[in-house]
Amino acid sequence: MDPPAPETMMRALELLNYLGALNDDGEMTDLGSMMAEFPLDPQMAKMVIAGSKFNCSNEILSITSMLSVPQVFLRPNEAKKAADDAKMRFAHIDGDHLTLLNVYHAYKQNKEDPKWCYDNFLQYRALKSADNVREQLARIMDRFSLPKTSTPFTSKDYYTNIRKALVEGYFMQIAHLERSGHYLTVKDNQVVQLHPSTCLDHKPEWVLYNEFVLTTKNYIRTVTDVKGEWLLQLATQYYDMRKIGRAV
């Protein structure tokens, strides 16, 4: 097996440093040691830990579990319109991560019923798998005495807190809407578009994305509307006023 290219190695170390997992001497921090215990990529592990900080760890656990399994939305060729309509019933105005949360909550409220999944064009096996992942992650949280909490659903901060926890992990995967109507990724200045599968029905100024998809065009998939000021507040080590001050 070939060793990783030096540039790849440097970018990985840089990511871990920005996440707070490594200090400036390249040594693992207490946060890094905790992140390493989660069977997740570093950004997702940081997001799970941040859930406790923002009083939304139950919801972040559910979102992380849904992101860790195969696509839950079914879209058979013979029923594309019905499948799209079913998906939009779960859609959240702020984007795809909260849409996945809506799906998980509905799955639990409907007592994990396979027929309900079939009727709503949802992959039962993937949701069952998400449940197992969630239990495993919850046990790791318990080991570190990380509280499993939720902001009251009636609070105006319920969804805001969840989106802020997403930013704590994925602040390097942000794109900004340019005057051209395209998005530009903050990290690499790549011109990208929102993936057609997104539930967003508008173009927010700033979006957080889970993955970069390269097909005939550059797409960002699984996206959520975030605020520019959160980037300055929550990722000061990565963002500065010069970079995004004009936009917030």
Side-chain angles (χ1 to χ4, degrees), residues 15-16 18-21 28-69 72 90 92-109 126-127 129-174 199 206-211 222-227 229-239:
L15 169 67
L16 292 171
Y18 279 129
L19 287 170
M28 191 179 284
T29 61
D30 290 343
L31 172 62
S33 298
M34 192 185 296
M35 286 166 58
E37 291 299 311
F38 287 90
L40 302 167
D41 71 55
Q43 290 161 286
M44 206 173 274
K46 174 76 180 288
M47 178 177 85
V48 169
I49 294 166
S52 295
K53 172 181 167 184
F54 289 102
N55 200 28
C56 60
S57 47
N58 285 319
E59 289 74 17
I60 289 295
L61 271 178
S62 301
I63 291 170
T64 301
S65 304
M66 293 289 279
L67 292 171
S68 301
V69 299
V72 296
F90 300 107
H92 190 282
I93 191 171
D94 290 324
D96 301 319
H97 294 84
L98 297 177
T99 298
L100 289 173
L101 180 64
N102 284 345
V103 171
Y104 184 78
H105 282 165
Y107 167 69
K108 298 301 281 185
Q109 284 161 6
L127 283 161
S129 180
D131 233 3
N132 293 333
V133 170
R134 194 182 188 287
E135 285 175 18
Q136 181 187 357
L137 297 177
R139 285 196 296 271
I140 298 170
M141 287 189 71
D142 289 342
R143 219 165 69 218
F144 287 105
S145 300
L146 290 168
K148 295 198 290 292
T149 57
S150 296
T151 301
F153 186 67
T154 51
S155 168
K156 62 177 176 53
D157 293 326
Y158 178 79
Y159 288 114
T160 299
N161 286 348
I162 297 168
R163 288 154 66 204
K164 284 182 175 180
L166 294 175
V167 169
E168 282 260 333
Y170 285 91
F171 56 82
M172 290 176 77
Q173 291 185 199
I174 299 288
C199 288
W206 297 93
V207 292
L208 172 150
Y209 61 92
N210 211 62
E211 55 184 325
T222 314
V223 294
T224 286
D225 180 354
V226 296
K227 303 300 177 196
E229 58 264 31
W230 298 348
L231 305 175
L232 291 171
Q233 292 164 6
L234 304 174
T236 316
Q237 71 280 24
Y238 191 70
Y239 291 94

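Bear in mind that the values here come from a model prediction, so they are computed numbers and not experimental data. When reading the values below, keep in mind they use all heavy atoms of this one structure, side chains included, and skip hydrogens, waters and symmetry mates.
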Under a 4.5 Å cut-off applied to non-hydrogen side-chain atoms, are [X] and [Y] in contact?
X: L137; Y: S65; result: yes
X: W206; Y: W230; result: no
X: Y170; Y: K46; result: no
X: D94; Y: T99; result: no
X: K108; Y: D131; result: yes

Distance check, rounded to the nearest 0.5 Å: [X] atom [atom1] versus [Y] atom [atom2]?
X: D41; Y: L19; atom1: CG; atom2: CG; result: 9.0 Å
X: E135; Y: I140; atom1: CD; atom2: CD1; result: 12.5 Å
X: R139; Y: Q136; atom1: CZ; atom2: CD; result: 6.5 Å
X: R134; Y: M141; atom1: CZ; atom2: CE; result: 9.0 Å
X: E211; Y: L67; atom1: CD; atom2: CG; result: 9.0 Å
X: Y104; Y: L127; atom1: OH; atom2: CG; result: 9.0 Å

Closest non-hydrogen atom pair between [X] and [Y], with its separation:
X: A130; Y: M66; answer: CB-SD, 4.0 Å
X: A126; Y: V69; answer: O-CG2, 3.6 Å
X: P147; Y: S52; answer: O-OG, 3.0 Å
X: M44; Y: S68; answer: SD-OG, 3.9 Å

Is there a donor-acceptor contact under 3.5 Å from the side chain of [X] to the main chain of [Y]?
X: S62; Y: L101; result: no
X: Q173; Y: N210; result: yes
X: T29; Y: G20; result: yes
X: S155; Y: T151; result: no
X: R163; Y: T224; result: no

Run I60 and L166 through side chain to side chain contact (heavy atoms under 4.5 Å, CB included) and show every step you take. CA-CA 8 Å; I60 289 295; L166 294 175; 4.3 Å; yes
Could you please spell out the steps behind the side-chain hydrogen bond (donor to acceptor under 3.5 Å, both in side chains) verdict for N58 and S150? CA-CA 6 Å; N58 285 319; S150 296; 3.0 Å; yes
Does L100 form a side chain to side chain contact (heavy atoms under 4.5 Å, CB included) with H92? I'd like the steps, not just the answer. CA-CA 9 Å; L100 289 173; H92 190 282; over 6 Å; no
Answer yes or no: is there an ion pair linking D157 with K164, defined by an N-O contact shorter than 4.0 Å? no
Check the pair K148, D142 against side chain to side chain contact (heavy atoms under 4.5 Å, CB included), reporting the backbone distance first and the verdict last. CA-CA 8 Å; K148 295 198 290 292; D142 289 342; 2.4 Å; yes
Could you go step by step and tell me if V48 and L40 meet the side chain to side chain contact (heavy atoms under 4.5 Å, CB included) rule? CA-CA 10 Å; V48 169; L40 302 167; 3.9 Å; yes
Could you go through N55 and T149, starting from their C-alpha distance and side-chain angles, then the distance that decides it, and tell me whether this counts as side-chain hydrogen bond (donor to acceptor under 3.5 Å, both in side chains)? CA-CA 5 Å; N55 200 28; T149 57; 2.9 Å; yes
Under a 3.5 Å cutoff, is there a donor and acceptor pairing between the side chains of E59 and Y159? no
Between Y209 and D96, is there a side-chain donor-acceptor contact under 3.5 Å, judged purely by atom types and distance? no
Taking the six-membered ring for Trp, are Y18 and Y238 parallel (under 30°), tilted (30 to 60°) or perpendicular (over 60°)? perpendicular
